[in-house]
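Okay, so here's the structure we're looking at.
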Amino acid sequence: QVQLVESGGDSVQAGGSLSLSCGYSYSVYCMAWFRQAPGKEREGVAYIDSDGRTSYVASVKGRFTISKDNAKNTLYLQMNSLKPEDTAMYYCAALSSPVCAYRARADFPYWGQGTQVTVSS
């Protein structure tokens, strides 16, 4: 079992920045950030594999950066130029598979508890 604990969620103004962190008990091949807004499906936002290759959903490309530090067992999501539509609960997820990019929510067996991001206009 991979244990995941997110932190860093907050309320910010549009155009601002936030950095989310996710501590993990041990590294697996594929880690990702998902988000879920009220009344919407949980969507994959950013993915990173064990080689450091990243992929992003179109709506955040160029604004969000996923990274991880295996020495600190921490996954990060740097979010810049935030928009009100980025408001959601953000979750980190882990999957023991080398195939990572754009994997569906159902593929991930390990999840954190979530951290709330609220962006006001």
Side-chain angles (χ1 to χ4, degrees):
Q1 284 273 27
V2 179
Q3 306 296 322
L4 302 168
V5 180
E6 302 98 334
S7 62
D10 206 344
S11 296
V12 297
Q13 296 273 350
S17 298
L18 273 179
S19 180
L20 305 183
S21 299
C22 173
Y24 49 86
S25 52
Y26 62 90
S27 181
V28 294
Y29 282 117
C30 174
M31 299 195 74
W33 287 97
F34 282 71
R35 66 185 180 187
Q36 187 166 18
K40 294 191 175 181
E41 294 289 317
R42 191 173 299 187
E43 66 167 345
V45 172
Y47 303 76
I48 186 166
D49 69 14
S50 57
D51 292 324
R53 289 173 296 203
T54 59
S55 51
Y56 300 90
V57 69
S59 60
V60 308
K61 203 170 289 186
R63 300 189 297 122
F64 290 11
T65 302
I66 188 172
S67 62
K68 64 177 181 174
D69 185 337
N70 285 334
K72 296 182 178 180
N73 279 18
T74 304
L75 177 74
Y76 302 99
L77 184 69
Q78 177 64 42
M79 304 185 293
N80 298 327
S81 302
L82 283 161
K83 304 176 181 180
E85 52 263 43
D86 295 317
T87 295
M89 185 73 78
Y90 283 71
Y91 300 88
C92 65
L95 167 64
S96 297
S97 168
V99 180
C100 190
Y102 306 112
R103 295 293 294 265
R105 169 189 181 178
D107 294 335
F108 287 82
Y110 307 114
W111 292 87
Q113 82 288 351
T115 188
Q116 178 68 38
V117 172
T118 303
V119 185
S120 57
S121 57

### Message
Side chains of Tyr29 and Val99, heavy atoms from C-beta outward: is any pair under 4.5 Å?
### Response
no
### Message
Hydrophobic cluster membership, with links at side-chain heavy-atom distances under 4.5 Å among I/L/V/M/F/W/Y: are Val57 and Tyr90 in one?
### Response
yes
### Query
More than 12 foreign heavy atoms under 6.0 Å from OH of Tyr110: is that the case here?
yes
### Query
Under a 4.5 Å side-chain heavy-atom rule over Ile, Leu, Val, Met, Phe, Trp and Tyr, are Leu18 and Val45 clustered together?
yes
### Task
Output the distance between atom CZ (Phe108) and atom CG (Leu95), rounded to the nearest 0.5 Å.
5.0 Å
### Query
Within a reach of under 6.0 Å around CD of Gln1, are more than 12 heavy atoms found that belong to other residues, nucleotides or ligands?
no
### Query
Atom CE of Met89 and atom NZ of Lys40: how far apart are they, to the nearest 0.5 Å?
15.5 Å
#### Entry: Atom pair OG/NZ of Ser120 and Lys83 - distance to nearest 0.5 Å
15.5 Å
#### Entry: Pairwise distance OG1(Thr54) to NZ(Lys68) - rounded to 0.5 angstrom
11.5 Å
### Summary
For Met79 and Val117 the tightest heavy-atom approach is CE-CG2, 3.8 Å
### Task
Verify the cluster assignment for Leu4 and Leu77: are they in a single hydrophobic cluster under the rule of side-chain heavy atoms below 4.5 Å apart?
yes
### Heavy-atom pair with the smallest gap, counting every atom of Ala88 and Arg35
CB-CB, 3.8 Å
### Query
Quick check: does any side chain N or O of Asp49 sit under 3.5 Å from a backbone N or O of Gly52, one acting as donor and the other as acceptor?
yes
### Task
Treating Ile, Leu, Val, Met, Phe, Trp and Tyr as nodes and any side-chain heavy-atom pair under 4.5 angstrom as an edge, say whether Trp111 and Leu75 lie in one connected cluster.
no
### Query
Between Thr87 (side chain) and Val119 (backbone), is there a donor-acceptor pair under 3.5 Å?
yes
### Task
Say whether Tyr76 and Tyr91 are linked into one hydrophobic cluster, either directly or through other cluster members, by side-chain heavy-atom distances under 4.5 angstrom.
no
### Task
For Thr74 and Ser21, work out which heavy atoms get closest and say how close.
CG2-CB, 4.1 Å
### Query
Minimum heavy-atom separation for Ser67 to Ile48, with atom names?
CA-CD1, 3.9 Å
### Task
Can you see which heavy atom on Glu6 is nearest to which on Trp33, and at what distance?
CG-CZ3, 3.9 Å
### Message
What verdict does the side chain to side chain contact (heavy atoms under 4.5 Å, CB included) test give for Val2 and Tyr26, after you've listed the backbone C-alpha separation in whole Å, the side-chain angles of each residue and the deciding distance to 0.1 Å?
### Response
CA-CA 6 Å; Val2 179; Tyr26 62 90; 3.4 Å; yes
### Query
In Å, rounded to the nearest 0.5 Å, how long is the span from CG of Asn73 to CD of Gln3?
12.5 Å
## Note on the structure
Taken to the nearest 0.5 Å, the spacing of Ser17 OG from Phe64 CZ works out to 9.5 Å
### Message
Can a side-chain donor-acceptor contact be found between Asp107 and Tyr102 if the only test is distance below 3.5 angstrom?
### Response
no
### Query
Can you name the closest pair of heavy atoms from Arg103 and Ser97 and give their distance?
NH1-OG, 3.2 Å
### Query
If you draw the axis of the six-membered ring of Phe34, does the NZ or CZ of Arg105 fall within 45° of it and under 6.0 Å from the ring centre?
no
